[in-house]
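Taking it in order: structure first as structure tokens, then the write-up.
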Amino acid sequence: QAPSGTQGWLIGLYQWLALRWASYGVQVVVTTSPVLAEALVEEGVSRTKVFVLPCCLGELQERLYGQIAEQRRHRQLPRKQQPLRLIFIGRLDSYKRVDWLIEACAANITAELHVIGDGSLRMQLESQAQAVGIDKAVVFHGRVSEQEKLDLLRDSDLLVLPADSCNEAFGIVQLEAMACGVPALAFDFPRSGMAWVGGLKKVLGFPQLDRQNLVKVIDQFAQDSQLLAEASRAGERRYWNEFSRQIWHGRLAELC
């Protein structure tokens with residue numbers, strides 16, 4: 001979604017020129033998801049030109065996250081008395097919609113939220129958590145080291161990225177979570193592959209993931225440890241079947 005005014009006009013012009021060039025000036029257009037591929041086709045790029053090559057993690061990352069997934073497989077399932085540990089990782093900007101996540105936690109007292117990242121909205125979000133009475137259940141960690149992030153991911157039950165804009169087209173942090181065995185939730189949004197990456201709709205049986213069913217999703221995972229365990233296994237399988245370095249190298253070889 002382009003902003004209004006001169007900036008929006010310039011962005012629109014850039015997009016128009018880029019699409020015309022993609023349609024007539026190149027042999028192949030590489031995109032990161034089938035959702036984005038369909039958006040390009042709808043804008044006039046020939047389907048025969050579009051090649052889907054999802055992002056992947058580095059070799060060291062993949063190995064480290066695999067070790068975390070192994071540790072998680074041997075831990076005890078959460079008891080109903082324990083809160084569901086949600087995690088958000090990203091910049092605290094308006095379109096990231098951490099405010100929606102705080103609202104959802106306020107509506108579900110069986111969840112706690114760990115926020116990794118910093119940004120201009122941090123004080124506002126902290127005030128929101130305090131205003132709705134869940135400041136003890138929402139922890140703002142700010143910027144953390146890579147090891148601290150891994151420790152927090154290891155102990156989390158669900159990654160939630162509730163952005164409401166196609167500015168979020170893919171989501172590398174989702175791959176990090178899935179490789180760790182942590183299911184990743186992102187919303188369906190036109191021209192965004194975020195929800196496609198995590199693939200949680202198949203596990204939950206929802207036709208769409210959005211703000212309206214966020215509380216319901218959190219509640220289902222909080223009340224059903226078996227469903228949560230299945231989502232964790234499904235996320236890890238999806239990572240290795242769709243996004244692993246082995247898969248990425250195979251797809252790249254097809255492109256070359």
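Model, not experiment: these values are computed from the prediction. Every heavy atom of this structure was used, including side-chain atoms; hydrogens, water molecules and symmetry mates were not.
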What closest approach, in Å, do [X] and [Y] show between heavy atoms, and which atom pair accounts for it?
X      : Y      : answer
Ile102 : Ala129 : CG2-CA, 4.0 Å
Gly171 : Val197 : O-CG1, 4.5 Å
Leu121 : Asp93  : CD1-C, 3.6 Å
Leu86  : Ala111 : CD1-CB, 4.1 Å
Thr32  : Trp196 : O-CZ3, 3.8 Å
Cys55  : Leu175 : O-CD1, 3.5 Å

**Derivation and outcome, side-chain contact (heavy atoms from CB on, under 4.5 Å), residues Leu125 and Val115** = CA-CA 10 Å; Leu125 294 168; Val115 179; 6.0 Å; no
Is there a path from [X] to [Y] through hydrophobic residues (I, L, V, M, F, W, Y) whose side chains come within less than 4.5 Å of each other?
X      : Y      : value
Val139 : Leu161 : no
Val132 : Leu92  : yes
Val28  : Leu252 : yes

Can you pull the ring-ring contact (aromatic ring centres under 6.0 Å, His included) pairs that have at least one residue in [range], sequence neighbours excluded?
range            : value
residues 109-135 : His114-His141
residues 198-230 : none
residues 32-57   : none

Return the set of residues passing side-chain hydrogen bond (donor to acceptor under 3.5 Å, both in side chains) with [X] (not counting sequence neighbours), or none when no residue passes.
X      : result
Arg73  : Glu70, Glu236
Asp99  : Arg97
Glu148 : Ser145
Lys201 : Asp188

**Item:** Heavy-atom neighbours of Glu59 CD exceed 12 at 6.0 Å
**Value:** no
Using modelled atom types only, decide if a donor and an acceptor are shared between the side chain of [X] and the backbone of [Y] within a distance under 3.5 Å.
X      : Y      : answer
Arg72  : Arg154 : yes
Arg251 : Val52  : yes
Arg91  : Gly117 : no
Asp210 : Gln212 : yes
Asp224 : Gln220 : no
Gln174 : Met194 : yes

**Request:** Check salt bridge (charged side-chain N to carboxylate O under 4.0 Å, His left out) between Glu112 and all other residues, then give those that pass, not counting sequence neighbours.
**Result:** Arg85
Could you state the interatomic distance from [atom1] ([X]) to [atom2] ([Y]), rounded to the nearest 0.5 Å?
X      : Y      : atom1 : atom2 : value
Leu204 : Leu227 : CG    : CG    : 6.0 Å
Gln223 : Thr110 : CD    : OG1   : 5.5 Å
Arg238 : Leu200 : CZ    : CG    : 9.5 Å
Leu159 : Leu152 : CG    : CG    : 12.0 Å

**Prompt:** Do Tyr65 and Trp240 have their ring centres less than 6.0 Å from each other?
**Reply:** no
**Message:** By the salt bridge (charged side-chain N to carboxylate O under 4.0 Å, His left out) test, which pairs, at least two apart or in different chains, include something from residues 29-39?
**Reply:** Glu38-Arg47
**Item:** salt bridge (charged side-chain N to carboxylate O under 4.0 Å, His left out) pairs, two or more places apart, involving residues 170-180
**Value:** Lys149-Glu176
**Request:** Return each pair, listed once, that meets side-chain hydrogen bond (donor to acceptor under 3.5 Å, both in side chains) where at least one residue sits in residues 118-130; pairs must be two or more places apart or across chains.
**Result:** Arg122-Glu126
**Set of ring-ring contact (aromatic ring centres under 6.0 Å, His included) partners for Trp100, sequence neighbours left out** = none
State, with a plain yes or no, whether a side-chain heavy atom of [X] is found less than 4.5 Å away from one of [Y].
X      : Y      : result
Phe187 : Ser192 : no
Asn241 : Ile247 : no
Val138 : Val98  : no

**Request:** Kindly determine whether Leu64 and Gln61 satisfy side-chain contact (heavy atoms from CB on, under 4.5 Å), including the steps that lead there.
**Result:** CA-CA 5 Å; Leu64 286 174; Gln61 288 176 298; 5.8 Å; no
**Prompt:** Does the pair Lys202 and Glu230 meet the rule for a salt bridge (Lys or Arg N to Asp or Glu O under 4.0 Å), with working shown?
**Reply:** CA-CA 11 Å; Lys202 291 182 179 179; Glu230 172 54 29; over 6 Å; no
**Prompt:** Would Leu214 and Leu185 count as a side-chain contact (heavy atoms from CB on, under 4.5 Å) if you check the C-alpha gap in whole Å, the side-chain angles of each, and the deciding distance to 0.1 Å?
**Reply:** CA-CA 9 Å; Leu214 178 57; Leu185 169 66; 3.7 Å; yes
**Message:** Let's go through Ile68 and Leu153 carefully: what are the C-alpha distance in whole Å and the side-chain angles of both, what is the deciding distance for side-chain contact (heavy atoms from CB on, under 4.5 Å) to 0.1 Å, and is it a yes or a no?
**Reply:** CA-CA 9 Å; Ile68 290 175; Leu153 265 177; 5.6 Å; no
